[in-house]
There are 2 protein chains.
Amino acid sequence: MTGLTGVAATPSTRATIVDVARAAQVSRQTVSNVLNRPDKVAAPTLERVRAEIARLGFTPHVTAQQLRRRKAAAFGFEVNPSGHGKMGHILDEFLVQLTVAAPDHGSHLMVFAPDAEDVIEGYRQTLATGLVDGFVLADTRRGDPRPQWLLDHDVPFVSFGRVWDLPDLHQWVDVDGGAGVRQGVAHLVEAGYDRIGFLGWPSGSPVGDDRRSGWLAGLADAGRSDPDEAEAEESVQDLDQATAAAERLLARLGPGSAVVCASDMLALGAVRAARNAGLALGPDVGVVGFDDTDVAEALSVTSIRQPIAEAARTAWQMLLSPRSTEPVLLTPELTVRSSSTRTPHPPRTATDPDTTGTAHGRRKDTP
Amino acid sequence: MTGLTGVAATPSTRATIVDVARAAQVSRQTVSNVLNRPDKVAAPTLERVRAEIARLGFTPHVTAQQLRRRKAAAFGFEVNPSGHGKMGHILDEFLVQLTVAAPDHGSHLMVFAPDAEDVIEGYRQTLATGLVDGFVLADTRRGDPRPQWLLDHDVPFVSFGRVWDLPDLHQWVDVDGGAGVRQGVAHLVEAGYDRIGFLGWPSGSPVGDDRRSGWLAGLADAGRSDPDEAEAEESVQDLDQATAAAERLLARLGPGSAVVCASDMLALGAVRAARNAGLALGPDVGVVGFDDTDVAEALSVTSIRQPIAEAARTAWQMLLSPRSTEPVLLTPELTVRSSSTRTPHPPRTATDPDTTGTAHGRRKDTP
DNA sequence: CTGAAAGCGCTTACAG
DNA sequence: CTGAAAGCGCTTACAG
C-alpha cells in the first residue's frame, strides 16, 4: 500500500489532510472543502478526493478542528460518586443515552467530576480547557447555583429536570411525574382495585408534590374525588420507615385496595407491609412504584418508567438549536407486572405469589 | 479590572497564554515554561507569572496542548445501552470512579457508544479523531476482538476484567471473585450455619467457575472438604429459574444451612425459596449474594462487594505507567446484613424478619 | 535563564 | 472552482 503516490511517510502515523491532498492531487484546502462545503467543489474533484479519503481511512483530527473552529462540539456532563448506591440509576442511564445520541448531533460527551466543595469551580475549569462548549445538567434542585452561573457566563446548557429557581428559563426537558402517577391510578382502577391510596414523600419537594398531585388527578378522572387524609401516607426514602408508613396506610385502606408510590423504594415498603399483613401482592393488594428500577423488576412490581432515551435526544436538540424556546415535558410509561394484577392466586405452597406473572410486558397508558 | 496592563481585549474571551505573558512582562514561552518546566524558570519570574495566572484565572487551553503535544491525555470508555436494565450497575460505578480519579492522573475520560454491528470501527474512529490516546476496556469476554486489535495497532489500553484470550497480556485489573466467595463461606461458618451450599451459574463461564472454586476453597478452609453434588445447584441469571434451583437446593440442605450465590439475582431466588418454604431469612437459612446491588441492600441480603474505586485507580496507574507488568487482582469485601445473621427472630406479626437488621455495617474479612 | 522560530492539523475568508 | 495566506493556543528544541 505504501507507494509513490504519497501515502504518509510513517505508516504508523494516521493519515492527515495533507496526505489526502497529495494522493488526490489537490491542495489541502480543497480537501477541507470536500469535508465542510462539498457544494463548493466540482463533482469530479469531489469524487476523487472522497475516494482517497476512503482509501486512506482518513478521519479528521478533531482536536485540530476544535482549535481552529474555536468550538469543541463537545459538552460536559457532571458525574457524581455520591449518587451511587441509592436505588435508581436514572442518571447512569441518561448518561448512556446521551452518549448514544451524541454522534447524531455531531458532538461528543466529556464526563467530569467536580470537587463537591466547589462545584462551580469544576464547571469553570472544564469550560476553560476548551474541551467543551457547554454542559448538560441533571439533578437540578432548588438553590442549585449552576444554572444561574452558566447563564451569567453565557455558557450554553440544557437541563434534564426543571430549573426550579428560574421560571423564565426554558432550556430543560423533564418527565411529567404527575402524569405518570395519574396513569398508574387509571391502571389500578381498571384492574379493579377498590380504594387507591398514595404513599409519597413528605410534602415540600417539588418532585414529590408533583407526583402526589398526579394521584389526586387520577382519582378525579375516575370520579373518586376528594379522598380524605386517611388515604395517603408519607415517608422519607428509607425502607423501614416506608414499610411502617405502608402498614399504617394498608390497615386503613383495607384489603382489595391498592397503593401508588412516589418511588420504588416506597413501593418496596408497601410490598413488605402487604406481606407482613398476610396479603398477597396483586390479588389482595395492588402496588405501583416509580422509576422501574432493578428492584421493581426483580420483585415483579408494576412501576412507572421515565423515557430516558427520549429525554437524552431532546436534550441534544435543545442544546444545538437553542431557539426552541419551549421546555419539554415527557410522559412516562407504565411497566405492568404482577403486583397490580388481581388474578386469583395459586395455593401458597411452592410458588410465591409475586413470581407468577412472568409476563413483563410494557404498555403505554394515556390518561 | 480591564486596565492598560494588557488584559484580554475582549473581556468575554478567556485569558490566553499571551495575555498572561503581557501582564507579567515576559514572552509567552516563559509562561509555558512556568507551566511545564518550572525548574527552568528563575524564582522571581516564576512568582510574577504565577501571580498573573491566578489573577487572570488562566487555565491552559487543553485542545491546543493536545494538538501541539500530539497527545490527548484522554482515554475512551465504551458505554453500552444494552448493559442496562440488568441487575448490577458495576460498570456505571466504574465509569464514575474512573472519572473521579482522572484528574489525579492529568487525564480525562471520553465516553463513546460504538455501533454494536462494528464495535472495532467505533474504536478506530474514536482513536483517529485524536481525542483519546487509548482506551479503558471493560466487560471483556472470551472471543472479544478488542484486545487483539488494540495490541495490533499499538494502542495503549487497560482492561477492567481479565483478558481471557491473551494470557500473556498483563494490562488488566480484576476482582478476585473466588476470594470473595471464600470470604462469604468463612463468614457463614463463623455465623454458625451447618451446611453451606452454592448456587451458581451453569459451568463454562470463567467468572462463574471462579466463584464456584471459591466456595470449594472456603469449605476446605473450614475443614468441610469434599461436598457432594447435592450441595450445589445452578441456574441461569433469571429469577424464576433461580428460585426453583434454590428451592431444590434448600430442600436437600435442610434448615440451619446457608447458601452462597454467584450473584444477587441468584441470592434473590434463594430469598424467595426460603420464604416459600416458610423459613426465616437469617435465623433459619443464611444467604450471601454477589455484587452488593440495590436489590441486596433493599432486601437486607449480605453480599460481596467489588472494590470499584480501587479498580478504577489501578486502571489509571496501569495506563499511565505501562511498565508495571503484573496484573492486579483485588479482593472484594463483604457487606454483612441480616440475611446471614442467626439471631433468634422476633414474633412474625408486625415486623418482617429480614427487616430487623438495620445495622448495614461493613466488615472486611480476609480468608 | 529568557526569547525568537517553527509547527501540531485543520478552517476560513480571500484572491485568482 | 481552486489554491496561497493567516492563524486557532500552545510547546519544544535552540540560540542568545
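Within every chain, numbering begins at 1; the chains are lettered A, B, ... in the order of the sequence lines, protein sequences first and strands thereafter. Quick caveat: nothing in here was measured; it's all calculated off a predicted structure.
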Where each pair must be Watson-Crick or G-U wobble with both distances under 3.5 Å, what dot-bracket representation of DNA chain D is obtained, with crossing pairs in [ ] and other-strand partners as |?
|||.||||||||.|||
Shorter than 3.5 Å, N or O on both sides, protein versus nucleotides 12-16 of chain D: list them out with atom names.
| residue | atom | partner | partner atom | Å |
| --- | --- | --- | --- | --- |
| dT12(D) | OP2 | Arg37(B) | NH1 | 3.1 |

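- Look at CZ on Arg22(A): it is 20 Å from P on dT2(D), rounded to the nearest Å.
- Scanning for salt bridge (charged side-chain N to carboxylate O under 4.0 Å, His left out) contacts around Arg69(A) gives an empty result, with sequence neighbours left out.
- Here the side chains of Thr129(B) and Phe112(B) are not in contact, with every heavy-atom distance at 4.5 Å or above.
- Against DNA chain C, the stretch residues 40-53 of chain A makes no heavy-atom approach under 4.0 Å.
- Straight-line distance from the NZ atom of Lys71(A) to the C1' atom of dG9(D): 18 Å, rounded to whole Å.
- In this structure, CZ of Arg70(B) is placed 14 Å from C1' of dA6(C), rounded to the nearest angstrom.
- Rounded to an integer number of Å, the gap from CG of Leu131(B) to P of dC10(C) is 12 Å.
- Applying the salt bridge (charged side-chain N to carboxylate O under 4.0 Å, His left out) criterion to Asp174(A), with sequence neighbours excluded, gives Arg162(A).
- Atom CZ of Phe58(B) and atom C1' of dG9(D) are 8 Å apart (whole Å).
- Salt bridge annotation for Glu310(A)-Arg313(A): absent, with no cationic side-chain nitrogen under 4.0 angstrom from a carboxylate oxygen.
- Contact of the Val31(A) side chain with the Val26(A) side chain is registered, since non-hydrogen atoms from C-beta on lie closer than 4.5 Å.
- Judged by distance alone, the side chain of Asp133(B) and the main-chain N or O of Ala72(B) form a donor-acceptor pair under 3.5 Å.
- For the pair Asp165(B) (side chain) and Gly143(B) (backbone), a donor-acceptor distance under 3.5 Å is present.
- Ion pairing of Glu47(B) with Arg50(B) is absent here, as no side-chain N (NZ or NE/NH1/NH2) approaches a carboxylate O to less than 4.0 Å.
- Of the side-chain N and O atoms in Thr30(B), none sit less than 4.0 angstrom from OP1 or OP2 of dT2(C).
- With rounding to whole Å, Gln66(A) atom CD is found 12 Å from dC8(D) atom C1'.
- Following rounding to the nearest Å, Arg14(A) (CZ) and dC8(C) (P) show an atom-to-atom distance of 14 Å.
- A donor-acceptor pair under 3.5 Å is absent between the side-chain atoms of Arg28(B) and the main chain of Val18(B), judged by distance alone.
- Here the P atom of nucleotide dG7(D) and the CG atom of Leu67(A) are 14 Å apart, to the nearest Å.
- Listed by chain and residue number, Trp316(A) satisfy the ring pair (Phe, Tyr, Trp, His ring centres under 6.0 Å) test with Phe75(A) (two or more places apart in sequence, or in another chain).
- At dC8(C), none of the side-chain N or O atoms of Thr63(A) fall inside 4.0 Å of OP1 or OP2 (strictly under the cut-off).
- In this structure, the side chain of Arg146(A) engages the main chain of Ala138(A) through a donor-acceptor pair within 3.5 Å.
- Between Thr59(B) and Arg28(A), the one whose closest nucleotide on DNA chain D sits nearer the 5' end is Arg28(A).
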